[in-house]
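Step one of this worksheet: look at the structure below.
In what follows, chains are A, B, ... by sequence order, proteins preceding strands, each numbered from 1. The shown structure was predicted, so the numbers you read here are calculated from the model rather than taken from an experiment.
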Amino acid sequence: MKTEPESWSVDDFLKAPKKTTHWDGVRNYQARNMLRDEMKLGHEVLVYHSNAEPPAIVGLAEVVREGYPDPSSWDKSSHYFDEGTSPDNVRWYMVDLRLKEKFAQPIPLPQLREDPQLDGMELLRKGSRLSVQSVSSAHFAHILRLAGAK
DNA sequence: GCCAACGTTGGC
DNA sequence: GCCAACGTTGGC
């Protein structure tokens, strides 16, 4: 899952109570479907910093609450407000994530790109913008090794 | 700051 | 249903 560290970073996870956050603000239908339908309790998540210097995979999190309505969509003061949504007309969903580990060695995008073991990874596709992506178990395991994950 | 890729909107 | 215009994402 991607995040801009300016808005939410792996260090913000460390500061959060129980290292847990609501992953709100996703406003893309494909990503919404994954949040709502596919992400299950205990699923592991790689945390990626986009628009960062350098862009990098920076940590490992897990799903601690499965998809449920994202109330920021009917909060007029929210940047993520979406007219027409309400508790009775839910459009956007979020999950809760808990950080399991901040990587000792974040893996910068250029390193990911040059690693043949990661060929075909969606993140590395040109023009890949989806903020929630699935990662194959082989790629996932390889990334954990690169990161020196515990 | 540039711009390619992508998603959404809305006229027709 | 097509597609041009527009807005956003995000690497560089």
Side chain of Q30(A) - closest among dG10(C), dG11(C), dG7(B): dG7(B)

Sugar-phosphate, base or nothing in reach of R27(A), heavy atoms under 4.0 Å: nothing

Side-chain N,O (K126(A)) to OP1/OP2 (dA4(B)) below 4.0 Å: no

Spacing of R125(A) atom CZ relative to dC6(B) atom C1', expressed in whole Å: 10 Å

Value in whole Å for how far the P atom of dG11(C) lies from CG of L130(A): 14 Å

In one Ile/Leu/Val/Met/Phe/Trp/Tyr side-chain cluster, 4.5 Å: V132(A), L99(A): yes

Euclidean distance, atom OH of residue Y80(A) to atom C1' of dT8(C) [Å, nearest integer]: 13 Å

Co-membership, hydrophobic cluster, residues V63(A) and L130(A), 4.5 Å side-chain: yes

Separation of atom CG in L112(A) from atom P in dG11(C), rounded to whole Å: 11 Å

Closest to the R129(A) side chain, choosing from dG11(C), dG7(C), dT8(B): dG7(C)

Candidates dC12(C), dG10(C), dA4(B) - which lies nearest the side chain of S50(A): dG10(C)

Separation of dT9(C) C1' from E6(A) CD (nearest whole Å): 15 Å

Distance, rounded to the nearest Å, where Y48(A) contributes OH and dG10(C) contributes P: 8 Å

Shared hydrophobic cluster, L118(A) / L144(A) (ILVMFWY, side-chain heavy atoms < 4.5 Å): yes

Criterion ring-ring contact (aromatic ring centres under 6.0 Å, His included) on W74(A) and Y80(A), from CA distance to verdict: CA-CA 8 Å; W74(A) 51 82; Y80(A) 303 120; over 10 Å; no

Between dG10(C) (P) and E122(A) (CD): distance, integer Å: 12 Å

Gap between atoms CD and P, on E83(A) and dT8(B) respectively (whole Å): 18 Å

